[in-house]
Peer 1: 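Sending over a structure as C-alpha cells; questions will come in a sec.
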Amino acid sequence: MEINSKIKRRLALNKIKPYQPGKPIWELQSELDLDQVVKLASNENPIGPSPKAVEVLQHSLSTLNRYPDAHATRLKEVLAAQLSLSTEQFIITNGADELITLISETYLEPDDEIIVLSPSFSEYQFGANLMGANIVSIPLDNRFQINIHTILSSVTDHTKLVYVCSPNNPTGTYLSSNDLEALLLVLPEHVLLVLDAAYSHFATNADYTDGLEFVRSGHQLIVLQTFSKIYGLAGIRVGFGAAPSSIIASITSVKEPFNVNTLAQYAAAAAIEDIDHVNQSKLVNTSGRKQLYEAFSRLGLSYIESMANFVFVKIGHGAKRVYERLLEGGVIVRHGDAWEMPEYLRVSVGTQEENAKFIKQLELIKSKAEYRG
Ligand SMILES: *Cc1c(COP(=O)(O)O)cnc(C)c1O
C-alpha cells in the first residue's frame, strides 16, 4: 500500500511549474494510430544529427566502462580553438538547461532578483524558484522587441542576474550588437548578464551578435550555447557556457563531477567541427523560414520575422482548436498557452516536406472555417 508522505518539501518548490515539453512523436502515434507524424514543436534539427558525430559515437561505445572526463578537456580545447577563447572560459554541461540551474545555484540567495523578459524561455524562472529568489518579469515591447531601457529601469540593488534570450524563444526577435554593448556598459557591477544564444547559428541579420565578442573583450556576461539545436544532438544532452574565467570557476564549483557523459563529449566535439552539417542545417532553416512566411502571408496570418529555427504566428481566438486539429492531422506544433499567449502557435522550421505537410493541414483547417481568426 502507498503511504502519503508527511515529509515537508521545501516551501520554495511550491512556485515551480512543471516544464511542458513538446508532445513526443511516439505519444501522438499511439494516441491516434498515425504512422506519419511531423514534429515541429521543440526546435530540433530536422535533418538529423551531424553524421560525423554519429560516426564517433559508434566508435566510442566500447569505452563506456570508464567514467567520463570530469573536465571535458578535449571538447573545451575544440571550443577554445574555434571560438578564440581560452579553455578556462568554458563550462560544459548536461544541456544548457543544466547550466541555467548551475548559474542559479551559484549566484541566487533567497532575496535576490532575476530579470526575465516575457514571453521567453521558462527555465530561467525555474532556476530562480529552485533557489527561492524573486522573479522580475518585464514585457517585450509591442513588436516583441527587447528594450534595454526597460531592462535597465528594472535593475535594483537586489538584481543578480539578467537573462536575455537572443534570438528569443518563442518570438525569434533579438538584441542587436549595439544594444548588447550599451547594456553591458551600463549594467551595475553586481549584475551578471546571461545571454542565451541557443539559436545564434540561425540568425542571419548583420547586426546580430552571439555575445562571444564581448566575452573576448572581458565584459561581465555568460553566453549560453547548446548542442541540441543546430548540431542536432538534443537527445544526448550537452551544452556550454562561455564567460570570464572567474565566473566559470564559481559555476564549476557547484557542478557534479561527471555531469556530461562520455558519448555527449565525443559527439559535441565532432559536431562542432562538422562545418558541412552546420551549413546544410542553416540553409534548410533559412529556406524553410521563407516557406512558412509565404504560407502565412497567403493565409492572411501575421507572424514575427524570426532569427531562429521557429516562427511565432498569430492565429487568433481559435488557436487552441487549430493546434488540436493539427495534432489530429499528425502535425505537432506548440500552442502559445505555454507563454500565456493563447492566440499564437510556435512552429519549428522542418524540412521542406515537413513544412509542406504542416501548411497543407493548416490550409485544410482554414478552408473548413473551423475557427474564427
Ligand atoms: C533549447 C533551448 C536551450 C537549451 O536546451 P538544452 O537542450 O538543455 O541544451 C536553452 N535556451 C533556450 C532558449 C532553448 O530554446
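Both backbone and side-chain heavy atoms feed into the values below; hydrogens, waters and symmetry mates do not.
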Peer 1: Strictly distance-based, threshold 3.5 Å: is any side-chain N or O of N309 a donor or acceptor partner for the main-chain N or O of N43?
Peer 2: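 The answer is yes, because a donor-acceptor pair under 3.5 Å joins these two groups.
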Peer 1: Backbone N or O of G330 within a donor-acceptor pair of the Q361 side chain at under 3.5 Å?
Peer 2: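 Not at all, since once roles are kept as given, no pair shorter than 3.5 Å links the two residues.
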Peer 1: Does K160 form a salt bridge (charged side-chain N to carboxylate O under 4.0 Å, His left out) with E109? I'd like the steps, not just the answer.
Peer 2: CA-CA 9 Å; K160 247 332 174 21; E109 305 279 8; 5.5 Å; no
Peer 1: Quick one: does Y107's side chain get under 4.5 Å of S250's, heavy atoms only?
Peer 2: yes
Peer 1: Does atom CD of E27 have more than 12 heavy-atom neighbours, drawn from other residues, nucleotides or ligands, at distances under 6.0 Å?
Peer 2: yes
Peer 1: Are any of the side-chain heavy atoms of E88 and I248 separated by less than 4.5 Å?
Peer 2: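 No; the side chains remain at least 4.5 Å from each other.
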Peer 1: Is the number of heavy atoms from other residues, nucleotides or ligands within 6.0 Å of CG (N4) greater than 12?
Peer 2: no
Peer 1: Are there more than 12 heavy atoms of other residues, nucleotides or ligands under 6.0 Å from atom CD of E305?
Peer 2: no
Peer 1: Using side-chain heavy atoms (C-beta onward) and a distance below 4.5 Å, is V136 in contact with N134?
Peer 2: no
Peer 1: Would L301 and L362 count as a side chain to side chain contact (heavy atoms under 4.5 Å, CB included) here? Give the steps.
Peer 2: CA-CA 11 Å; L301 299 170; L362 189 62; 4.0 Å; yes
Peer 1: Closest approach of I230 and N45, non-hydrogen atoms and distance?
Peer 2: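 Taking I230 first and N45 second, the nearest heavy atoms are O-ND2, 2.7 Å.
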Peer 1: Show every salt bridge (charged side-chain N to carboxylate O under 4.0 Å, His left out) that has at least one partner inside residues 334-352, sequence neighbours left out.
Peer 2: K314-E343, K320-D337
Peer 1: Consider only side-chain heavy atoms of I, L, V, M, F, W and Y, link residues closer than 4.5 Å, and tell whether Y163 and I138 are in one cluster.
Peer 2: no
Peer 1: With a 3.5 Å distance limit and no angle check, can you tell me whether K255 reaches the backbone of P257 through a side-chain donor-acceptor pair?
Peer 2: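 Yes: the side chain of K255 pairs with the backbone of P257.
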Peer 1: Does E324, at its CD atom, have more than 12 non-hydrogen atoms belonging to other residues, nucleotides or ligands within less than 6.0 Å?
Peer 2: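 Count over threshold, so yes.
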Peer 1: So, R10 side chain and L130 main chain: donor-acceptor pair closer than 3.5 Å or not?
Peer 2: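 Between the backbone of L130 and the side chain of R10 there is a qualifying donor-acceptor contact (under 3.5 Å).
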Peer 1: Would you indicate whether the side-chain heavy atoms of F126 and I100 approach each other to under 4.5 Å?
Peer 2: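 Not in contact.
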Peer 1: For P49, run the side-chain contact (heavy atoms from CB on, under 4.5 Å) check against D274, I236, L233, L57 and tell me which one passes.
Peer 2: L233
Peer 1: For the backbone of Y208 and the side chain of N205, can you confirm whether one donor and one acceptor N or O come within less than 3.5 Å of each other?
Peer 2: no
Peer 1: F214 and I251: same hydrophobic cluster, using ILVMFWY side-chain contacts below 4.5 Å?
Peer 2: no
Peer 1: Mind checking side chain to side chain contact (heavy atoms under 4.5 Å, CB included) for L283 and listing every partner two or more places apart, or none if nothing turns up?
Peer 2: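 Scan of L283 (side chain to side chain contact (heavy atoms under 4.5 Å, CB included), adjacent residues dropped) gives Q280.
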Peer 1: Please enumerate all residues that pass side chain to side chain contact (heavy atoms under 4.5 Å, CB included) together with N168, with sequence neighbours excluded.
Peer 2: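 If we apply the side chain to side chain contact (heavy atoms under 4.5 Å, CB included) test to N168, skipping adjacent residues, the hits are S120, L140, C165, P170, T171, T173.
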Peer 1: Please confirm whether the backbone N or O of S86 pairs with a side-chain atom of Q89, one donor and one acceptor, at under 3.5 Å?
Peer 2: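 Pair found, side chain donor or acceptor close to backbone of S86.
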Peer 1: Identify, with sequence neighbours excluded, every residue that meets side chain to side chain contact (heavy atoms under 4.5 Å, CB included) alongside S228.
Peer 2: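 Side chain to side chain contact (heavy atoms under 4.5 Å, CB included) list for S228, sorted by chain: T226, A234, R237.
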Peer 1: Looking at N14, I want to see if its CG is surrounded by more than 12 non-hydrogen atoms of other residues, nucleotides or ligands under 6.0 Å.
Peer 2: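 Yes, enclosed.
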Peer 1: For residues A242 and L85, report the shortest heavy-atom separation together with the two atoms involved.
Peer 2: CB-CD1, 4.0 Å
Peer 1: Is there a path of hydrophobic side-chain contacts, each under 4.5 Å between heavy atoms, that joins I146 and Y344?
Peer 2: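 Cluster IDs for I146 and Y344 match.
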Peer 1: For P119 and W339, work out which heavy atoms get closest and say how close.
Peer 2: CB-CB, 3.7 Å
Peer 1: Identify the two heavy atoms, one from I365 and one from V322, that lie closest to each other, and give their separation to 0.1 Å.
Peer 2: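 In terms of heavy atoms, the two residues are closest at CD1-O, 4.0 Å.
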Peer 1: By side chain to side chain contact (heavy atoms under 4.5 Å, CB included), which residues pair with M131, not counting sequence neighbours?
Peer 2: S104, E105, L108
Peer 1: Take D207 and Y174 through the side-chain hydrogen bond (donor to acceptor under 3.5 Å, both in side chains) test and state the conclusion after the steps.
Peer 2: CA-CA 10 Å; D207 62 347; Y174 67 103; 2.5 Å; yes
Peer 1: With hydrophobic residues grouped by side-chain heavy-atom distances under 4.5 Å, do F121 and F312 end up in a single group?
Peer 2: no
Peer 1: If we only count heavy atoms from C-beta on, is the I47 to H277 side-chain gap below 4.5 Å?
Peer 2: yes
Peer 1: Using atom types as modelled and distance alone, determine if a side-chain donor or acceptor of E354 lies under 3.5 Å from a backbone N or O of T351.
Peer 2: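 Yes.
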Peer 1: Nearest heavy-atom pair of E363 and R298: which atoms, and what distance?
Peer 2: OE2-NH2, 2.8 Å
Peer 1: Closest heavy-atom contact between P244 and V215?
Peer 2: N-CG1, 4.3 Å
Peer 1: Is a side-chain donor or acceptor of H219 paired with a backbone partner of E213 at a separation under 3.5 angstrom?
Peer 2: no
Peer 1: Judged by atom type as modelled, is there a donor-acceptor pair below 3.5 Å linking the side chain of K229 to the main-chain atoms of A308?
Peer 2: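 The answer is no, because no donor-acceptor pair under 3.5 Å joins these two groups.
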Peer 1: Tell me which donor-acceptor pairs under 3.5 Å the side chains of residues 69-82 have, and how far apart each pair is, sequence neighbours excluded?
Peer 2:
from : atom 1 : to   : atom 2 : distance (Å)
D69  : OD1    : H71  : N      : 2.8
D69  : OD1    : A72  : N      : 3.4
D69  : OD2    : T73  : N      : 2.7
D69  : OD2    : T73  : OG1    : 2.7
K76  : NZ     : H71  : O      : 3.2
Q82  : NE2    : I272 : O      : 3.0

Peer 1: Assess whether side-chain hydrogen bond (donor to acceptor under 3.5 Å, both in side chains) is satisfied between D210 and S200, documenting all intermediate values.
Peer 2: CA-CA 6 Å; D210 62 11; S200 62; 4.9 Å; no
Peer 1: Would you say the side chains of H59 and Y266 form a donor-acceptor pair under 3.5 Å?
Peer 2: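 Note: H59 and Y266 side chains miss the donor-acceptor criterion.
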Peer 1: Has R66 got more than 12 heavy atoms of other residues, nucleotides or ligands less than 6.0 Å from its CZ?
Peer 2: no
Peer 1: Determine whether L152 and V162 fall in the same hydrophobic cluster, where Ile, Leu, Val, Met, Phe, Trp and Tyr are linked whenever their side-chain heavy atoms lie under 4.5 Å apart.
Peer 2: yes
Peer 1: Hey, does the side chain of S42 reach the backbone of E44 with a donor-acceptor pair shorter than 3.5 angstrom?
Peer 2: no
Peer 1: Can you find a pair of side-chain heavy atoms, one from L99 and one from F240, that are under 4.5 Å apart?
Peer 2: no
